[in-house]
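Just below is one structure, and these are the notes that go with it.
Residue numbers begin at 1 in each chain, while the letters A, B, ... track the order of the sequences. We use all heavy atoms of the structure for the numbers below, so side chains are in, but hydrogens, waters and symmetry mates are not. Note that the structure is predicted; figures quoted are calculated from it, not measured.
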Amino acid sequence: MKQGFYTVIENKQIADSTYLIRLSGDNSETGRPGTFVNIRLEGFYLRRPLSVCDSSSDTLTLIYKVVGEGTEALAATPAGAMLDLLTGLGNGYDTTVLNNNSRPLLVGGGCGSPPLYLLAKTLIRAGVPVVIILGFNRQSEVFFEEEFRALGADVTITTADGSHGRRGFVTDAMGDIKYDYIFACGPEPMLRAVYERSGNIPGQFSFEERMACGFGVCMGCSCRTKYGPRRICRDGPVLAKEEIIW
Amino acid sequence: MKQGFYTVIENKQIADSTYLIRLSGDNSETGRPGTFVNIRLEGFYLRRPLSVCDSSSDTLTLIYKVVGEGTEALAATPAGAMLDLLTGLGNGYDTTVLNNNSRPLLVGGGCGSPPLYLLAKTLIRAGVPVVIILGFNRQSEVFFEEEFRALGADVTITTADGSHGRRGFVTDAMGDIKYDYIFACGPEPMLRAVYERSGNIPGQFSFEERMACGFGVCMGCSCRTKYGPRRICRDGPVLAKEEIIW
Amino acid sequence: MVDTKVTLCGIELDNPVIPASGTFGYGHEFAELYDINILGTFSFKGTTQNPRFGNPTPRVAEVPGGMLNSVGLQNPGVRAVIEEELPRLERVFKKPVMANISGFSPEEYESVAAELSECEQIGWIEVNISCPNVHGGGIAFGTDPAQAAEVVRWVRRAAKKPLIIKLSPNVTDICEIAKRCEAEGADALSLINTLVGMQIDLKTNKPVLANMVGGYSGPGIFPVALRMVYQVYKSVSIPLIGMGGVSSAEDVLKMMAAGATAVQVGSANLINPYACRDIIADLPRVMEKYGVGSLRELTGAAHR
Amino acid sequence: MVDTKVTLCGIELDNPVIPASGTFGYGHEFAELYDINILGTFSFKGTTQNPRFGNPTPRVAEVPGGMLNSVGLQNPGVRAVIEEELPRLERVFKKPVMANISGFSPEEYESVAAELSECEQIGWIEVNISCPNVHGGGIAFGTDPAQAAEVVRWVRRAAKKPLIIKLSPNVTDICEIAKRCEAEGADALSLINTLVGMQIDLKTNKPVLANMVGGYSGPGIFPVALRMVYQVYKSVSIPLIGMGGVSSAEDVLKMMAAGATAVQVGSANLINPYACRDIIADLPRVMEKYGVGSLRELTGAAHR
Ligand SMILES: Cc1cc2nc3c(=O)[nH]c(=O)nc-3n(C[C@H](O)[C@H](O)[C@H](O)COP(=O)(O)OP(=O)(O)OC[C@H]3O[C@@H](n4cnc5c(N)ncnc54)[C@H](O)[C@@H]3O)c2cc1C
Ligand SMILES: Cc1cc2nc3c(=O)[nH]c(=O)nc-3n(C[C@H](O)[C@H](O)[C@H](O)COP(=O)(O)OP(=O)(O)OC[C@H]3O[C@@H](n4cnc5c(N)ncnc54)[C@H](O)[C@@H]3O)c2cc1C
Ligand SMILES: Cc1cc2nc3c(=O)[nH]c(=O)nc-3n(C[C@H](O)[C@H](O)[C@H](O)COP(=O)(O)O)c2cc1C
Ligand SMILES: Cc1cc2nc3c(=O)[nH]c(=O)nc-3n(C[C@H](O)[C@H](O)[C@H](O)COP(=O)(O)O)c2cc1C
Ligand code: FES
Ligand code: FES
């Protein structure tokens with residue numbers, strides 16, 4: 001974990017109430033896919049956790065949905081502004097369990113997809129082919145379809161109302177795909193459906209929970225697992241499929 | 001009273017921890033000498049009251065001393081920033097009691113002098129000659145000596161340590177002057193000394209008190225007078241000499 | 001079209017927003033700023049039998065999250081209120097006003113309530129029981145269930161208007177006191193009055209307030225107020241008026257969801273004289289945002 | 001050169017800054033960030049007899065002025081603390097640590113205190129009496145003078161270390177409880193624990209916390225905490241540890257002027273992991289600014 005100040009390079013709407021923010025600062029701790037940062041916003045006591053969507057040596061990209069006052073304030077932050085971030089939070093996805101013969105399936109729901117971008121990039125760079133299903137409610141919410149394709153991933157989009165890609169839920173698209181490992185991130189009902197739909201296939205699921213500290217000291221974000229209590233912010237947000245209790 | 005947003009034109013140090021800030025905005029209520037404004041500062045719950053030092057059709061000038069966190073934040077406010085002000089607060093000095101034959105003496109102490117500037121200006125414009133004594137602790141605290149002279153006022157400066165002007169307190173300089181009315185503003189011990197030194201000569205004294213609203217509704221700033229309780233923010237800050245109880 | 005109307009003890013209010021006692025004077029300073037008839041009503045400055053100057057100054061201070069006051073119930077006394085303030089108010093405010101009263105003995109409460117009960121302009125009597133009982137060791141009536149009940153008993157006899165008891169939050173169990181007040185015949189409860197707080201000036205190392213301690217109000221007390229409204233809603237069946245740090249239309253909705261029928265706004269008026277006007281103007285937008293068609297129906301939603 | 005040393009129950013601290021229980025874990029997450037030996041000491045997470053998961057989530061929420069938590073004392077139990085956490089701590093922290101303990105019966109408090117008393121690393125035992133008494137109708141020990149006294153009596157027997165009782169602020173008269181704790185043999189008092197608060201989510205109209213209510217901490221409780229430290233200082237003669245919203249070196253000085261011998265910093269650690277390091281680094285500057293040569297001498301200055 002590191003604390004640092006980041007400069008907003010750009011902050012733009014990319015879909016229905018969905019924004020992409022690019023930041024420049026010390027990225028020594030943002031490279032692991034599935035980790036998150038915790039952002040301090042003027043006038044708010046607690047920080048706001050957001051997953052790393054992409055990270056290069058000098059640029060950090062986050063994608064967030066405006067759901068309340070904090071994300072509203074973030075959306076109003078202009079380029080040039082400075083933000084106080086804690087970076088390198090959480091365990092992240094463990095990609096060492098895969099090899100070039102692995103056939104992982106990545107499944108993302110709504111604003112749960114951003115961390116899958118850095119994950120897909122990391123896997124593809126390591127020579128692992130990536131198939132990904134991204135679920136949204138409607139066309140106007142879809143983002144990053146092309147960006148995932150540009151990485152070389154095989155992308156399926158589902159929308160609940162059929163306005164873009166395939167009609168239905170991510171799980172409806174899962175039947176057509178052959179995979180031996182699963183990575184998922186999204187709202188809990190989606191995670192659970194994916195968990196069940198994927199049967200015995202092993203995988204890693206990324207969770208969200210209300211947080212205070214985000215670095216493991218307040219016990220605000222605990223969840224029960226088969227191996228005892230885990231802090232989503234430090235022992236997670238990624239849990240191995242076999243430890244999850246719903 | 002009016003609420004309005006003002007743009008900072010300039011904000012500069014003019015003496016030891018003393019700043020002059022010029023603001024542009026709606027000045028329809030800032031023209032009466034002895035009235036004050038109440039400034040909202042980001043991050044502070046209560047507003048900060050400051051006397052009008054000068055007011056023209058488009059520029060409002062305030063002079064303030066940095067004494068705590070609020071005035072510290074104000075001193076750090078750059079040109080171009082916007083400030084939320086309540087203007088036209090307080091009764092102000094009543095200048096209708098004077099005429100061209102009046103010989104008023106104005107006495108100011110430290111950061112109590114600012115409101116005397118607009119008062120002096122108003123009196124001189126009305127043809128009333130102005131004699132003014134300004135007291136400070138030391139030379140590095142002195143401000144506005146030339147500005148008062150430029151108005152055409154007869155200015156005496158006193159410093160407690162004699163480093164500028166006459167050594168001693170304002171009251172030490174009062175004996176040399178002939179006057180038939182007195183206006184005073186400054187710390188309470190000074191006001192009291194001036195009150196006593198000026199004997200039976202009538203006058204008006206401007207007071208400070210901790211305030212919440214600044215416009216007469218919370219009863220936070222009351223003081224006792226010979227005619228009953230008065231709110232410094234609305235019935236004051238100027239009290240007629242004959243009503244004052246020490 | 002959203003419906004902001006609520007009914008408080010049989011009197012319909014255009015909206016639930018009520019400036020709180022002690023932050024709105026007797027109304028006329030605000031009437032110079034905007035048409036105060038847009039308010040649900042307002043609660044006037046705590047009025048006692050005799051004129052009071054209150055405590056020595058400094059009697060306000062700033063704290064993180066709000067302010068402290070130790071005004072000590074400065075008011076011109078009930079006769080001056082009836083003879084001067086109410087006639088003056090009548091010219092600018094056409095709605096029933098809420099009379100906030102205080103006393104230092106049950107008898108004083110009773111007699112102030114009796115006098116104000118005769119005034120047609122007054123819609124409700126709101127009894128501030130956070131005052132010290134001068135004959136009871138100086139502890140506040142509102143912090144002792146038996147003493148609180150005694151005040152209600154006395155005022156109930158005298159009050160010919162709906163009777164609202166305003167509770168102190170500085171207690172171990174506010175529900176117990178609420179129940180006692182209900183049992184003695186209170187028609188509604190207001191909560192909360194200020195928390196007891198302090199501020200110290202490091203330049204002198206002394207408390208800022210001449211009175212040492214003072215009442216803490218403003219956004220910092222909102223979580224405590226919301227919790228107490230929620231808890232008391234479960235304990236009594238009379239209507240509640242929620243207050244404590246309310247500063248926005250969102251806060252009004254939260255108070256109502258927790259159980260309030262109407263909402264008072266205090267300190268916010270002091271730092272933004274247009275606070276209540278702005279909140280009322282913002283209510284329809286916020287109601288639409290959160291899908292609230294009728295405010296009346298929001299009361300207690302958090303319990304359902 | 002300013003002197004930041006203070007003495008707490010016979011143990012000298014390099015400075016009065018102590019991270020508060022529940023906001024510093026068992027120390028090692030912070031030890032990865034900075035050398036925690038710069039601290040006066042720290043108070044570890046409230047420890048109970050058996051491992052506890054605590055309350056259902058969501059169990060933290062944001063409020064104006066701070067946060068709410070209803071963690072519900074998640075901890076690995078006293079045996080794991082002694083066998084795993086303390087040995088791990090020993091490698092990174094060379095000073096006596098403060099053991100914060102909790103229980104749901106006087107017996108549990110006693111036995112946890114007895115076990116931890118055997119640990120050399122432990123300098124003080126800090127007893128959190130804000131837990132519900134499961135055999136006493138579920139109200140918190142700390143809100144009832146008799147039950148508070150009973151806990152102190154049991155723990156006093158078992159504790160072979162200086163005994164600090166941590167008071168709940170959710171009471172009508174904190175001085176009464178403080179005096180009872182002193183009479184039962186407490187060596188010092190910590191105050192305050194969290195105020196009870198609530199937050200509502202307008203998207204659902206429900207309380208944010210699964211537990212409905214939670215403990216309110218952060219800058220918004222500072223005025224209440226400062227007042228309580230000031231009042232309790234007058235009521236007892238044992239040392240006080242002040243806390244509640246402390247976020248800066250200025251706040252530390254204010255707490256000490258009000259009567260605290262040492263000061264705990266809680267929520268501030270959660271939003272700025274370097275909060276305590278920063279406060280300690282800033283102390284000399286602020287002491288010089290306000291002319292404080294020795295912190296030790298500041299304790300109680302507001303009373304003189
Ligand atoms: C590890 C992690 C990674 C996340 N990554 C992303 C991401 O990449 N993109 C994205 O759009 N969202 C992400 N979220 C959710 C995001 O943190 C919330 O949407 C955001 O905090 C809401 O803040 P707000 O002030 O707008 O909402 P409000 O509801 O006003 O917030 C009030 C409080 O609740 C908390 N809160 C509200 N919703 C959530 C939530 N879903 N999860 C956790 N805390 C919440 C806030 O942080 C704040 O403390 C992530 C959450 C976690 C825990
Ligand atoms: C009617 C009036 C006119 C004033 N005019 C001027 C002026 O022209 N120039 C100038 O330098 N100062 C003036 N003052 C004093 C000025 O308001 C205070 O110095 C300022 O509020 C201090 O704020 P702070 O945050 O720096 O100090 P802090 O001590 O940190 O402030 C804490 C609180 O105390 C209040 N406070 C502190 N000192 C005073 C004080 N002396 N009077 C009233 N409230 C105080 C603050 O407003 C704030 O609410 C005037 C005060 C009043 C009442
Ligand atoms: C300056 C001031 C004076 C007050 N005077 C009274 C009063 O006379 N009677 C009363 O019942 N409450 C009084 N109160 C309490 C408020 O009515 C209200 O209960 C409290 O301030 C909490 O609301 P707020 O946080 O919105 O201010 C006063 C509050 C303030 C700030
Ligand atoms: C997340 C969290 C967990 C806490 N857990 C404990 C605890 O286990 N034992 C205890 O005595 N106090 C606990 N507290 C209370 C703090 O130690 C402290 O008394 C309180 O938060 C007030 O200080 P603050 O405003 O600086 O946070 C906890 C507080 C928080 C925020
Ligand atoms: S948010 Fe504090 S432990 Fe996870
Ligand atoms: S400051 Fe509110 S009445 Fe004067």
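- By number of non-hydrogen pairs under 4.5 angstrom with chain C, the leading residue of D/V286, D/V229, D/L226 is D/L226.
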Practice prompt. Take D/L253 and D/L295, measure what side-chain contact (heavy atoms from CB on, under 4.5 Å) needs, and give me the verdict at the end.
Written response: CA-CA 8 Å; D/L253 266 59; D/L295 274 189; 3.9 Å; yes
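- Annotation: side chain of C/V292 is not in contact with side chain of C/M256 (no heavy-atom distance under 4.5 Å).
- With a 4.5 Å cut-off on non-hydrogen atoms, C/Q231 touches chain D through its side chain but not through its backbone.
- D/R227 places a side-chain heavy atom less than 4.5 Å from the side chain of D/V224.
- Put simply, the side chain of C/Q199 reaches to within 4.5 Å of the side chain of D/F222, judged on heavy atoms.
- Taking OG of D/S70 as the reference point, atom CG of D/N55 lies at 5.0 Å (rounded to 0.5 Å).
- Counting heavy atoms from C-beta on, the side chains of D/I279 and D/V263 never come closer than 4.5 Å.
- Atom CG of residue D/N170 and atom CG of residue C/N170 lie 11.0 Å apart, to the nearest 0.5 angstrom.
- Proximity to chain C among residues 200-207 of chain D is limited to D/I200, D/L202, D/K203, D/N205, D/K206, D/P207, judged by heavy-atom separations below 4.5 angstrom.
- With contacts defined as side-chain heavy-atom distances shorter than 4.5 Å, the pair C/P16/C/L283 qualifies.
- Within residues 189-196 of chain D, the residues that have a heavy atom under 4.5 Å from a heavy atom of chain C are D/L195, D/V196, listed by number.
- Between the C/N272 side chain and the C/N269 main chain, no donor and acceptor come within less than 3.5 Å of each other.
- Residues D/P106 and D/F141 have side chains in contact (heavy-atom distance under 4.5 Å, counting atoms from C-beta outward).
- In terms of heavy atoms, C/A210 sits closest to C/T57 at CB-O, 3.6 Å.
- Most heavy-atom pairs under 4.5 Å with chain D: of the set C/K289, C/M212, C/M228, C/H303, this distinction falls to C/M212.
- When heavy atoms are compared at a cutoff of 4.5 Å, D/I139 does not approach chain C at all.
- Looking at C/K179 and C/V236, their side chains come closer than 4.5 Å, going by heavy atoms from C-beta outward.
- For D/V213, the part lying under 4.5 angstrom from a heavy atom of chain C is the side chain only.
- The choice from D/L68, D/V63, D/D144, D/D173 that makes the most heavy-atom pairs within less than 4.5 Å of chain C is D/V63.
- Among the candidates C/G197, C/G220, C/G65, C/P223, the residue making the largest number of heavy-atom pairs closer than 4.5 Å to chain D is C/P223.
- Under the 4.5 Å side-chain criterion, counting only non-hydrogen atoms from C-beta, C/R296 is in contact with C/K5.
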